[in-house]
There are 2 protein chains.
Amino acid sequence: MKIDENTIADLVKRSIINDTFRRLPLDKRERVYQTAIRLFGEYGYDGLAVNQLCREAGISKGSFFQYFPSKAHLLEFCILIFDDYLSHWVNELRQQEKAVLARDRLLYFYRALVTNSRLHATEQKFFLFINHAMDHAGVSLEDFDLERHFHEYIAEIVRRGVETREIRGDYEVEFTGYLVSVIIGGMMSREYRGQRYTRTEMEEYLISFLFDGIKA
Amino acid sequence: MKIDENTIADLVKRSIINDTFRRLPLDKRERVYQTAIRLFGEYGYDGLAVNQLCREAGISKGSFFQYFPSKAHLLEFCILIFDDYLSHWVNELRQQEKAVLARDRLLYFYRALVTNSRLHATEQKFFLFINHAMDHAGVSLEDFDLERHFHEYIAEIVRRGVETREIRGDYEVEFTGYLVSVIIGGMMSREYRGQRYTRTEMEEYLISFLFDGIKA
DNA sequence: ATTGAATATGACCATCTGGTCATAATTGAA
DNA sequence: TTCAATTATGACCAGATGGTCATATTCAAT
């Protein structure tokens with residue numbers, strides 16, 4: 001995904017990045033961003049050394065601090081750009097998706113997640129880092145709920161499902177949606193590991209587990 | 001929980017801690033351990049400064065490095081002691097629990113988890129830190145699966161449940177058990193947050209969701 | 001009271017960190 | 001070609017970090 005110009009301009013206004021960075025050639029901006037989320041995802045906040053980032057991104061330290069007010073601002077920048085990326089990703093998915101039944105829609109979403117996370121290991125790591133890491137240098141990570149795009153999409157599926165009487169509606173849609181995404185998340189992390197089951201079997205179990213529970 | 005003498009002796013043999021630490025008075029050992037898991041849980045691995053630990057635990061820096069070969073060994077020590085603690089906790093729970101039906105046993109487990117995590121915020125934070133943190137200074141955190149005690153216990157409940165035809169057995173017990181604990185975990189983290197529902201309502205939804213799924 | 005071993009201590013060290021800044025290189029308009 | 005503005009650079013800085021070590025203290029056994 002290309003970094004959105006409007007978003008960049010907004011970040012300049014909010015003093016998260018400097019105008020110098022906005023004026024930079026596209027490929028340089030991309031290089032810095034990609035290197036940053038890779039290193040953050042791999043080594044964490046403290047583990048990313050500005051020196052290393054500069055070396056691997058091919059810029060000098062002096063330049064770095066002309067682009068970003070501080071290391072903490074780099075993190076915030078990465079989070080916000082990544083948030084944009086997720087938003088686009090979910091939106092595209094929503095447009096492509098043609099299914100009607102809730103079970104098919106959930107399956108479609110699950111498949112897309114699995115495929116995507118296999119494709120983009122770096123983004124995956126960064127996502128996990130932000131989701132689990134603690135606060136750093138005044139950047140309260142709890143303010144950035146990267147999962148909300150997923151949650152909102154699933155909640156929408158659940159809402160329709162309740163309307164069409166496919167899904168129970170005795171508890172809040174948002175709550176049920178949350179539990180659904182917890183299960184999907186759990187299934188996903190199983191995808192990476194052992195795999196005693198084929199992908200089709202995983203999908204079958206997911207849907208069956210979701211809709212029917214563990215009852216014999 | 002008192003730190004187990006046998007465990008300590010084993011850690012000395014494995015050169016994770018020095019013999020000096022083993023010979024220390026109980027309260028001092030406890031103080032160091034408690035302070036360490038609190039600071040690790042609060043600030044993470046890099047965020048815990050040995051100086052601060054020494055200050056808050058009331059020991060000198062020189063002493064610290066007579067107790068532990070390095071900071072990384074302190075972390076390993078904490079993880080292994082904590083692992084012991086979890087093992088004891090689950091064992092006690094298992095002995096106290098008298099229920100027969102799988103749904104009652106799962107409920108009992110869930111209640112115990114909620115109660116315990118409310119009581120011991122420090123341990124909770126440390127647990128989350130270990131579960132989510134990335135590797136540090138040669139300590140591969142993936143080697144320490146702190147959740148396995150929970151997983152094993154739940155898997156046992158599921159196994160019995162399958163035998164008594166309460167729980168479906170079309171997939172591996174271990175897999176189903178994993179999904180059950182994923183849901184329980186999800187419910188737990190909801191406990192901390194918004195709480196539009198009473199605890200009883202949460203429990204009812206958990207069981208109903210687990211056994212019956214989201215089907216209308 | 002003496003002695004020898006175990007333990008405690010904090011000044012000290014090399015290294016690394018995020019961040020600065022004076023200077024050099026590049027750019028683009030006139 | 002000139003020149004002013006923008007961007008690039010890396011030596012440098014103060015502070016903090018994990019870790020060391022010579023010395024001081026404590027303690028138990030005689």
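Computation of the quantities below employed the complete heavy-atom set of this structure, encompassing side-chain atoms and omitting hydrogens, waters and symmetry-equivalent molecules. Note on naming: letters A, B, ... go to the chains in the order of the sequence lines (proteins, then strands), and numbering restarts at 1 for each one.
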*Asks:* Using a heavy-atom cut-off of 4.0 Å across all strands, would you classify Thr20(B) as base, sugar-phosphate, or nothing?
*Replies:*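 Sugar-phosphate, backbone atoms only, no base.
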
*Asks:* Would you say the rings of Tyr33(A) and Phe82(A) are close, in the sense that their centroids are separated by under 6.0 Å?
*Replies:*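 No - the distance between ring centres of Phe82(A) and Tyr33(A) does not fall below the 6.0 Å cut-off.
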
*Asks:* Would you kindly say whether His120(B) and Asn116(B) are connected by a side-chain donor-acceptor distance under 3.5 Å?
*Replies:*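 Note: His120(B) and Asn116(B) side chains meet the donor-acceptor criterion.
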
*Asks:* Under 3.5 Å, is there any donor-acceptor pair linking the side chain of Lys61(A) to the base of dG19(C)?
*Replies:*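 Indeed there is one.
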
*Asks:* Which is more 5' along DNA chain C, the nucleotide nearest Val50(A) or the one nearest Gln66(A)? Just name the residue.
*Replies:*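 Counting from the 5' end, the first nearest nucleotide belongs to Val50(A).
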
*Asks:* Given dT20(C), dA8(C), dT20(D), which nucleotide is nearest the side-chain atoms of Lys28(B)?
*Replies:*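 The answer is dA8(C), which lies nearest to the side chain.
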
*Asks:* Does OP1 or OP2 of dT9(C) have a side-chain N or O of Ser60(B) closer than 4.0 Å?
*Replies:*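 The answer is yes; a side-chain N or O of Ser60(B) sits under 4.0 Å from OP1 or OP2.
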
*Asks:* Do any side-chain nitrogens or oxygens of Arg23(A) fall under 4.0 Å of OP1 or OP2 in dT7(D)?
*Replies:*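 Yes, within the criterion.
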
*Asks:* Under the 6.0 Å and 45° cation-pi test, does Lys28(B) pair with Phe21(B)?
*Replies:*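 Judged by the rule, Lys28(B) and Phe21(B) form no cation-pi pair.
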
*Asks:* Quick check for you: among dG18(D), dT9(C), dG19(C), whose closest atom lies nearest to any side-chain atom of Lys71(B)?
*Replies:*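 Nearest nucleotide to the side chain: dG18(D).
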
*Asks:* Taking atom P of dT23(C) as reference, at what distance in whole Å does atom CZ of Phe65(A) sit?
*Replies:*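 In whole Å, dT23(C) P lies 21 Å from Phe65(A) CZ.
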
*Asks:* Can the positive tip of Lys71(B) be found less than 6.0 Å from the middle of the six-membered ring of Tyr45(B), inside 45° of the ring normal?
*Replies:*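 Judged by the rule (NZ or CZ under 6.0 Å from the ring centre, within 45° of its axis), Lys71(B) counts as positioned above Tyr45(B).
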
*Asks:* With heavy atoms under 4.0 Å as the rule, sort Tyr67(B) into base, sugar-phosphate or nothing.
*Replies:*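 Since only primed, P, OP1 and OP2 atoms lie under 4.0 Å of Tyr67(B), the category is sugar-phosphate.
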
*Asks:* Can you tell me the distance, in whole Å, between the NE2 atom of His73(B) and the C1' atom of dG18(D)?
*Replies:*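 His73(B) atom NE2 is separated from dG18(D) atom C1' by 14 Å.
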
*Asks:* Give the nucleotide from the list dT17(C), dT9(C), dG19(D) with an atom nearest to the side chain of Asn51(A).
*Replies:*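 Looking only at side-chain atoms, Asn51(A) lies closest to dT17(C).
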
*Asks:* For Leu53(B), report the nucleic acid contact type (base, sugar-phosphate, nothing); a contact means any heavy atom under 4.0 Å.
*Replies:*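 It contacts nothing in the nucleic acid.
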
*Asks:* If I compare all heavy atoms of Pro69(B) with all of Ile16(B), which pair ends up nearest, and what's the gap?
*Replies:*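 In terms of heavy atoms, the two residues are closest at CD-O, 3.3 Å.
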
*Asks:* Please report, rounded to the nearest Å, how far the C1' atom of dG19(C) is from the CZ atom of Phe64(A).
*Replies:*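 Taking atom C1' of dG19(C) as the reference, CZ of Phe64(A) is at 10 Å.
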
*Asks:* Calculate the interatomic distance between Tyr43(B) atom OH and dT17(D) atom P; express it in whole Å.
*Replies:*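 About 12 Å, once rounded to whole Å.
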
*Asks:* Nearest-Å distance, CG (Leu74(A)) to P (dT17(C))?
*Replies:*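 These atoms are roughly 15 Å apart.
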
*Asks:* Roughly, in whole Å, what's the span from CG in Asn18(B) to C1' in dG19(D)?
*Replies:*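 These atoms are roughly 13 Å apart.
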
*Asks:* Mind calculating the distance between CD1 (Ile59(A)) and P (dT6(D)) to the nearest angstrom?
*Replies:*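 Those two atoms, CD1 and P, are 20 Å apart.
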
*Asks:* How many whole angstroms separate atom CD of Gln52(B) from atom P of dG15(D)?
*Replies:*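 One finds 19 Å between P of dG15(D) and CD of Gln52(B), rounded.
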
*Asks:* For Leu48(B), answer base if it contacts any base atom (sugar-phosphate contacts may also be present), sugar-phosphate if it contacts only those atoms, and nothing otherwise; contact means non-hydrogen atoms under 4.0 Å.
*Replies:*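 Sugar-phosphate contact only - Leu48(B) comes under 4.0 Å of backbone atoms but never of a base.
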
